[in-house]
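Let me begin by presenting the structure, written as structure tokens, before commenting on it.
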2 protein chains.
Amino acid sequence: MSTYAAKRVSTRDLLLDAAFDLFAEIGFAGTTISEIERRVGLAAGSGSFYRHFSSKEELLPAAVERELSKAIADVRSAFPDVAQAREPREVWLRRMLMWLRRTERLNRLLLLEGDRVPAIRAAITSAVQVMSDELSWDGDPAGIVGVAALHGYLLFSRAIGAPYYDIDEDEFIAALATLAPRRQSETVQQASTRSWQR
Amino acid sequence: MSTYAAKRVSTRDLLLDAAFDLFAEIGFAGTTISEIERRVGLAAGSGSFYRHFSSKEELLPAAVERELSKAIADVRSAFPDVAQAREPREVWLRRMLMWLRRTERLNRLLLLEGDRVPAIRAAITSAVQVMSDELSWDGDPAGIVGVAALHGYLLFSRAIGAPYYDIDEDEFIAALATLAPRRQSETVQQASTRSWQR
DNA sequence: GTCTATAAACGGATAGAC
DNA sequence: GTCTATCCGTTTATAGAC
């Protein structure tokens, strides 16, 4: 009941955090209860975990739920009142990239376990929608293309262990920022001269 | 020795294919030898698998290697002599999307196990380079942005179980195709200083 | 709430008959 | 090359002392 007691993180929450880290890193199947216990300072292999959760399966949605709440809170505190902002495209792209980094493990878990566990897919998908709203992103096609590109860039840079096609982050954002929808009148002529054509 | 015998797929190759499917679907840790045996028609739980491979670990790089060979061969037969092609951006984007679909499971496996198994990361990364060359893609920044966007679109559409931000494939490609670098006069100042900025 | 001990099931791997 | 049978380590989960 004391202020101190209220501030100390419960073992249950520590377990949820450790479990989420492991699930996102190596997947649900590869994660053992023993490793989770070890990470929070419990004796590995003792069933102490089971005083807090009744099964490993029960842990998965609970860990996702907790991480989603934290991510949403973080987005709200990091980008308050961004709705009215009028800003250069590059600033917006950097903000989206920060957001994608913050939610990187959630997205990875979605990729890993989304198929197998529909509840996770639904929870993460709807939370992403909430955060998109917070970021005041109206979802125009050009914006979606930008976010998709950042998504791909981030995921594969991580997977490859080097910048995607050796383009560093600043270069990538700069390239994205200079892309804009062509006006109707320009389209035909420019289509035959651009550099992506061989 | 007979023509028929040469054409019949060996059990070893069936095992490699089944293993690859499972690894890409549910990951290495989540895949059991029993399930692999079941998929190729062997009795699940019998050690028949071990007449072909000495361990589960040995199976992983072998399965990736086989799938990489098949993917490269498919790309060559599907897009022969594309080097000289002059084509609209949208056609190029659709071709890249086809390629990404063909290599989707390889990319998923890279995401899943690349960190844990450097050999897989290296093999897939270098094969992707080979295929990029086959597709005669010079890797200009605008092109890389396009491929990254398609990558993100494809991966997350699959993970979400619906089109990414509810934009269907044709719309997405159309949006990508109409994006072009703004003219120098509009952006040269920002663009030239961006790379040095933090 | 955590520990020791242990049950029960599972998964990787081997031996030997056919 | 496949099967039955089995070994053994690991993992999930429970019981009971403190």
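Chain identifiers are assigned alphabetically (A, B, ...) following the order of the sequence lines, protein sequences preceding nucleic acid strands; residue numbering begins at 1 within each chain. Note: hydrogens, waters and symmetry copies are ignored here, and every other heavy atom, side chains too, is used.
Taking atom CG of residue B:Leu42 and atom C1' of nucleotide D:dT4, one finds them 14 Å apart after rounding to whole Å. Taking atom CG of residue B:Leu59 and atom C1' of nucleotide C:dG11, one finds them 15 Å apart after rounding to whole Å. Atom CD in B:Glu35 sits about 11 Å away from atom P in C:dG12, given to the nearest Å. Atom C1' of nucleotide C:dG11 and atom CG of B:Leu22 are separated by 15 Å, given to the nearest angstrom.
The backbone N or O of B:Glu169 sits less than 3.5 Å from a side-chain atom of B:Tyr153, completing a donor-acceptor pair.
Under the salt bridge (charged side-chain N to carboxylate O under 4.0 Å, His left out) criterion, B:Arg39 pairs with B:Glu25, B:Glu35, sequence neighbours left out. Shown here are the salt bridge (charged side-chain N to carboxylate O under 4.0 Å, His left out) partners of B:Glu58, two or more places apart in sequence or in another chain: there are none.
In the model, B:His151 has a side-chain atom that pairs as donor or acceptor with a side-chain atom of A:Tyr164 under 3.5 Å.
Here A:Glu57 pairs with A:Arg116 in a salt bridge; the nearest charged N to carboxylate O distance falls below 4.0 Å. A salt bridge does not link B:Arg101 with B:Glu104: none of the charged nitrogens is closer than 4.0 Å to a carboxylate oxygen.
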Contact state string [nucleotides 6-18 of chain D, B base, S sugar-phosphate only, - no protein heavy atom under 4.0 Å]: -----SSBB-BB-
